Visitor: 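Okay, handing you the structure first.
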2 protein chains.
Amino acid sequence: MDESGPSGRPEQDDASSHRAVRIQDVAKLADVSTATVSRALATPERVSPEARARVFEAIAKTGYVPNPAARSLRSQKTHMVLVVLPDLSNTFFSKILRGIEERLFEAGYGMIISDLDGTPEKEAHFAAFIAAGRVDGAILLNGHLFGQTRMGGGATDRTGIPLVALCEAIPSADIPQIEIDNRGAASRMTQHLASLGHRSIAYVSGPESNILERERFLGYQDGLKAAGLPFDPGLVLPGDYTIEAGVAAGQNLAARSTRPSAVFCTSDEMAIGLIRTLLSAGLRVPGDISVAGFDDIEFAAVAEPALTTIHQPRRELGQAAASVLIDLLQGRPSPKRIRLDTDLVLRDSVAPPQNMLKAPAKTTRTRAMKPT
Amino acid sequence: MDESGPSGRPEQDDASSHRAVRIQDVAKLADVSTATVSRALATPERVSPEARARVFEAIAKTGYVPNPAARSLRSQKTHMVLVVLPDLSNTFFSKILRGIEERLFEAGYGMIISDLDGTPEKEAHFAAFIAAGRVDGAILLNGHLFGQTRMGGGATDRTGIPLVALCEAIPSADIPQIEIDNRGAASRMTQHLASLGHRSIAYVSGPESNILERERFLGYQDGLKAAGLPFDPGLVLPGDYTIEAGVAAGQNLAARSTRPSAVFCTSDEMAIGLIRTLLSAGLRVPGDISVAGFDDIEFAAVAEPALTTIHQPRRELGQAAASVLIDLLQGRPSPKRIRLDTDLVLRDSVAPPQNMLKAPAKTTRTRAMKPT
DNA sequence: TGCTTCCATGTAAACGATTACATGGGCACT
DNA sequence: AGTGCCCATGTAATCGTTTACATGGAAGCA
C-alpha cells in the first residue's frame, strides 16, 4: 500500500518541501483513515482508545493543525465572531472588547473587529462580510442593524446568523440585548443631585438619534419629576460623548450669567472636558458647579476633582454578550435580555450647592436599584 | 443543456431553499463558465467587455458574494491579519488599532485581534493560529515573537508569514519595525526639564524587561548627561505604565523628606496617577513638583493641570505598520524600519522649579529632532 | 447455531472557489 | 492565401476537510 500514493505525489519527507501537514499524513502515520483522524478530533468517544492514541501520537509527531479554510468550507462554520462598533479609539469600548475577547477565546472563537466610523460604506461592506459567511455570529455595539443600507437587488441573503446587541439596544430587532438600565441610572443620578439640594440641574446629552441618549434623557426627566423639579429645555446642552463636546458645553455654561448649580454629563469624557473648561474659566468644581459623569472610565477616579459618575460593568457586559452569542451558536437556550447592574460612584466632583461645606469625600459606591 | 444539471440538483429557484448563491449560479445566468466569472472578479481586464458586463449584471441580480472559505482553501490566502497586543483595554492601543484597521480595510483585509494578557497559554494558541494559516500576516505590538513557547515536537511549521513589529521593536527578529525614537524622545524631555532649571529629576519606569522601558531609560540617562546632571538611582521609581503605578510612585514621593523638583513618567497614565496623588497629599503641581508624561493620550490635554508630555502619532503608527504589512503581503518592497517623529507637547504640569512665576502656559508643540 | 444489533472503521462524495491547460477563432504579417 | 500568435473562454483538477453511507466483525439473544 505504498506505491507512491494514489495521486502520484512523490514521497519527499525531508524538510525541503514546506507543504503543510495534512490530515492524510496523520492518517497514514497512525495507520487509519482520514475519517478516523477527523473523528478522533471532533468526537473522540466514537473512536477506539487504541486508534485514538495512535492518532494523537501522530498529530503530536507531525505537528498537524487542521486547515481552517477546508474545515470551514465543508462544515459551514468559521469559528469567528464579528464585533461591530462605532469607534474603536473610544476608551469606553476597549474594556468591553476585552471582556468579549476573553469569553470568545475560552470557547474557541476568534474575534474580528470592525470599526465603522460613521461611514455607511463600511457598513455595507460588513453586511457583505456577514453575508459571505465569514463569521458565525456578530455582536453589535453600534445600535442598529445593517438593514438600512440594503445590498444589491433585495436578495435577502443568508443573514440568518445569530446576532447580539450590546449596550445600545436595537429596538426593532428581535435579538438578545445586553445592556444596563440607562434610564434608571440617569434618573438615579439626577435624583442624587437633587437630593443634595440642587434645584437647577443641567444635562449634557449624547447624539440626538442615539438610543442610549434617548434612554438617559428620559431618565433625566424621570429624575427631575421624582424630585419635583421642573424640566427646563434651556438646561439641555447638546453633546456627543466626546471630550470636545464637554469643552463646548463648558464654554457655553461659563459664558452664561446665571448658571445651573449642577451638570449631569452623559459620558465621563464630556464631564472631564467640561470640568476642565469650567476650571479654566475660574469657576470652582464642585464649589460653584457640581459635575457628574456616566460610565466610570479609568480616568474618572483620577480626574481632578475625582468624578462622581455611574459605574458600568464594562468587562462583564462584554463577557455577557459573548456568552449569550456562544449559547446561540451552539444551539443552547439563552436569555433574550440581560441587564447588568450599575453603581452610583460618589467622588469629589459633586457636592451640595453653594456655600455648604465641602467634606473631603471618599469614593463611595451605592448599588443601583434593580429595575423592576 | 438543461437536463436538471449534471450533479442532479433539482431546479428549485424559489426562496424556500436558503442555499447561498454560488459562482455556478452566476455563471449560468451570465451564460459563461465559472472560470470567466472568477476572472471577471479577479482580473477584469482579461475578460471581454461584453462577458464582463453580463457577469456583473448576474452578480448584482443574484447578490453573489464569493465564499471566502472556498477561496482561501484554493488560493491559500485568507485576507486576514492578526494583531497581537498585550492589553486590549489599555487606552494607548485603541487609537493605534484604529489606524491599523483603517489601512487594512482600505486594502481589503480583515483584522483579527488577540489580546494575550500575559498568559503564555494564549500565546501558544495564537502561534498555532498563525501556523494553521488562518491569517496572511501579523502585526505584533507585544515586543516578542512566539518563539519562546515552542509548540509540540519542535516542528518548525510554516511560520513563514510576513510579520511587522509595532512600537515595541523585536531586537532578535529580522522583521520590519515601526516605532518612534523612544530614546531620543526621553532624552529630549529630560533635557527640557533640565533646561527649565530642574537639577533633581526623578524617573518613573515601565516594566523592567520591556524594550520601550530600556530605550526610554537610556534616553533619560542621555538627557541627564547632556545637561551635566548626575544620575541618581534613588530617583528611579519602578512602574508599569498603569495609573496605579503612578499612584504608588506618588505616595513614595509624597512620603519623602526631600523630593525631586521634577518627575518624568514614562506613560501618561502614570503621570496622571502621580499628579493626583501629589495633589491629594497637599503638594502643588507644577508649583512644588513638575510632572511630565509620555504618549499624549486623549486625557493628557484635559488633565488638571494639563500634562506636558511626548506626543506619539498613534494613528499614524498603526497606519504605517499596516501599510508595510500590506506591501509585504503583496510582494512589494517595503522599508525595514520606520521611525515616526514625536512632538514635545508643552502644557501646564511642568514649570521652572520653586518660586519662579507660573505663566498661564498655552499648549505648545515642538517638533522632535530627527534621529540621526 | 443463526439472526439481529451495534460499534469501529473505511470509502468517497461533497463544500465552492481558483487556475493550469486546452481550444478555437480572429487578426496581422508575409 | 497561408502561417503564426494572441486573446477570450471553457474544462476539469485541485485545495483539505467533514460526513453520509457501506462494511465487516463481535457480541447478544433465542
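Fair warning: this is a prediction, and the values are worked out from it, not measured in the lab.
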Visitor: Taking only residues two or more places apart in sequence, or in another chain, which ones meet A/Arg103 in a side chain to side chain contact (heavy atoms under 4.5 Å, CB included)?
Guide: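 Residues passing side chain to side chain contact (heavy atoms under 4.5 Å, CB included) with A/Arg103: A/Glu106, A/Gln319, A/Ala322, A/Ser323, A/Ile326.
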Visitor: Which pairs with one or both residues in residues 44-54 of chain A pass salt bridge (charged side-chain N to carboxylate O under 4.0 Å, His left out), sequence neighbours excluded?
Guide: none
Visitor: Excluding sequence neighbours, so at least two apart, what forms side chain to side chain donor-acceptor pair (under 3.5 Å) with B/Ser33?
Guide: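 Here the qualifying residues are B/Thr36.
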Visitor: Give a yes or no answer on whether the side chain of A/Gln177 reaches the backbone of A/Ile170 with a donor-acceptor pair at less than 3.5 Å.
Guide: yes
Visitor: Within the modelled atom types, does a donor on one side and an acceptor on the other bring the side chain of A/Arg74 and the base of D/dT17 under 3.5 Å apart?
Guide: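 Such a pair does not exist between side chain and base.
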Visitor: Rounded to the nearest angstrom, tell me the gap between atom NZ in A/Lys77 and atom C1' in D/dG16.
Guide: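 Taking NZ of A/Lys77 and C1' of D/dG16, I get 19 Å after rounding.
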Visitor: Roughly, in whole Å, what's the span from CG in B/Leu41 to P in C/dT19?
Guide: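 Rounded to whole Å, this separation is 12 Å.
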Visitor: B/Arg22 CZ to C/dT18 P: how many Å, rounded?
Guide: 14 Å
Visitor: Under 3.5 Å between N/O atoms: give me all the protein pairs with nucleotides 7-10 of chain D, atom names plus distance.
Guide:
from: D/dT9; atom 1: OP1; to: B/Ser48; atom 2: OG; distance (Å): 2.8
from: D/dT9; atom 1: OP2; to: B/Ser48; atom 2: N; distance (Å): 2.9
from: D/dT9; atom 1: OP2; to: B/Ser48; atom 2: OG; distance (Å): 3.3
from: D/dG10; atom 1: OP2; to: B/Ser33; atom 2: N; distance (Å): 2.7
from: D/dG10; atom 1: OP2; to: B/Ser33; atom 2: OG; distance (Å): 2.9
from: D/dG10; atom 1: OP2; to: B/Thr36; atom 2: OG1; distance (Å): 2.6
from: D/dG10; atom 1: N7; to: B/Arg39; atom 2: NH2; distance (Å): 2.9
from: D/dG10; atom 1: O6; to: B/Arg39; atom 2: NH1; distance (Å): 3.4

Visitor: Does D/dT18 have OP1 or OP2 sitting under 4.0 Å from an N or O in the side chain of A/Ser75?
Guide: no
Visitor: Atom CG of A/Leu73 and atom P of C/dA13: how far apart are they, to the nearest Å?
Guide: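 Between P of C/dA13 and CG of A/Leu73: 17 Å.
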Visitor: Tell me, which pairs form a salt bridge (charged side-chain N to carboxylate O under 4.0 Å, His left out) where one or both residues lie in residues 317-335 of chain B, sequence neighbours left out?
Guide: B/Asp327-B/Arg332
Visitor: Name all residues meeting the side chain to side chain contact (heavy atoms under 4.5 Å, CB included) criterion together with A/Asp25; count only those two or more places apart in sequence or in a different chain, and write none if there are none.
Guide: A/Val21, A/Arg22
